[in-house]
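Both counts, for ligands and for their atoms, begin at 1 and track the order of listing. The basis for the numbers below is simple: all heavy atoms, side chains too, and nothing from hydrogens, waters or symmetry mates.
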Amino acid sequence: MRVIKTENYEETSRRAAEIVAEQIRRKPDSVLGLATGSSPVGMYDELVRMELDFSAITTVNLDEYYGLAPENEQSYRYFMNQHLFDRVNIHKERTYVPNGLAADPEKECAEYDRRIEELGGIDLQVLGMGLNGHIGFNEPGDSFPVGTHLVTLADSTIAANARFFNSESEVPRQALSMGLKQIICARKILLIVHGKAKEETLNKALNGPVTPHLPASLLQLHPDVTVVCSFNE
Ligand code: GLP
């Protein structure tokens, strides 16, 4: 595991973007696993500025709120279009985000896993980390969720994500999330963590016991993880 501690969010975003850019240059038809949330926003801005060639890239996103349409401004599909897909030369039909409106979520999850397998797995998985140590929407619990699944969000996650909505009551209570199997099977992982509030949790995740009560701790078992982090604010 490589840990790059930077001075601030800008530097974290730059260093993270360099890692993604290197992957795209080395393998122009890479499968990138992508994340939402505030952590990777600066990295997406950097990637746009770098004018990379996304024409042969495929992306699979970690998660989506269950119940939100792709056009809903709070959906993760909308987020990805806004922060990256609409700003680079990617082919939208090769960008995958779980369907938040799927009538049969179990079927949608199974198809999502099958798609990732058909694509040959994920070359580089970008991750953020929730305040409670979740990755994707894999919340702390008594076991590690394996495949893509419908998850009931932790109260602390609903409270943390309320800042993106008009009120906490508008935050969906469920989401579709890639499981830990797809994440841990990615050939490379890039974890972006910013903020004092996450410093202690990250420290436990990287140096404490590997436990489903702190899903990010599972990353200790992966052979190629880079963590880019800053805790200045
Ligand atoms: C969200 C997302 C995660 C994200 C995390 C951290 O709930 N589902 O994929 O990594 O929480 O979010 P942020 O970067 O805004 O702190």
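- In summary, the side chains of Ser230 and Asn8 do not present any donor paired with an acceptor at a separation below 3.5 Å, with no hydrogens or angles considered.
- With a 4.0 Å cut-off on non-hydrogen atoms, Asp63 touches ligand 1 through its side chain and not its backbone.
- Heavy atoms of Tyr76 found under 4.0 angstrom from ligand 1 belong exclusively to the side chain.
- Below 4.0 Å from some heavy atom of Phe137 lie the following atoms of ligand 1, by number and element: 7 (O), 8 (N).
- Among Gly136, Ala197, Gly130, Pro40, the residue whose heavy atom lies closest to atom 3 (C) of ligand 1 is Gly136.
- For atom 11 (O) of ligand 1, the nearest non-hydrogen atom of the protein is His134 NE2, 3.0 Å.
- Side-chain contact annotation: Glu139 with Asn132, donor-acceptor N/O pair under 3.5 Å present.
- Contacts with ligand 1 closer than 4.0 Å are made by no heavy atom of His194, backbone or side chain.
- When Ala160, Ser177, Ser38, Ala35 are checked for heavy-atom proximity to atom 13 (P) of ligand 1, Ser38 turns out nearest.
- Those atoms of ligand 1 that come under 4.0 Å of a heavy atom in Gly128, given as number and element, are 10 (O).
- Atom 4 (C) of ligand 1 has as its closest protein heavy atom Thr36 O, 3.9 Å.
- Considering backbone and side-chain N/O atoms, Phe164 never comes within less than 3.5 Å of an N/O atom of ligand 1.
- Atoms of ligand 1 lying under 4.0 Å from any heavy atom of Met129, numbered from 1 in the order shown and given with element: 6 (C), 10 (O).
- An N or O contact shorter than 3.5 Å links Arg163 to ligand 1 by distance.
- In this structure, of Gly37, Ala216, Ser39, the residue bringing a heavy atom nearest to atom 14 (O) of ligand 1 is Ser39.
- At a cut-off of 3.5 Å, with distance as the only test, a side-chain donor of Gln182 or Asp113 sits close to an acceptor on the other residue.
- Here the heavy atom of the protein found nearest to atom 16 (O) of ligand 1 is Lys198 NZ, 2.6 Å.
- For Glu106 and His149, the side-chain atoms include no donor-acceptor pair closer than 3.5 Å.
- Heavy atoms of other residues, nucleotides or ligands lying less than 6.0 angstrom from NZ of Lys27 number more than 12.
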> Between Glu10 and Arg14, is a salt bridge (Lys or Arg N to Asp or Glu O under 4.0 Å) present by the stated rule, with each step listed?
Replying inline: CA-CA 6 Å; Glu10 289 67 35; Arg14 261 196 313 277; over 6 Å; no

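- Remark: the Thr6 side chain and the Thr12 side chain contain an N/O donor-acceptor pair separated by less than 3.5 Å.
- In this structure, a donor-acceptor pair under 3.5 Å is present between the side chains of Tyr65 and Asn161.
- Remark: Lys92 NZ is packed, more than 12 non-hydrogen atoms of other residues, nucleotides or ligands lying under 6.0 Å away.
- Under 4.0 angstrom from ligand 1, the non-hydrogen atoms of Asn161 all belong to its side chain.
- Between the side chains of His134 and Thr157, at least one donor N or O sits under 3.5 Å from an acceptor N or O.
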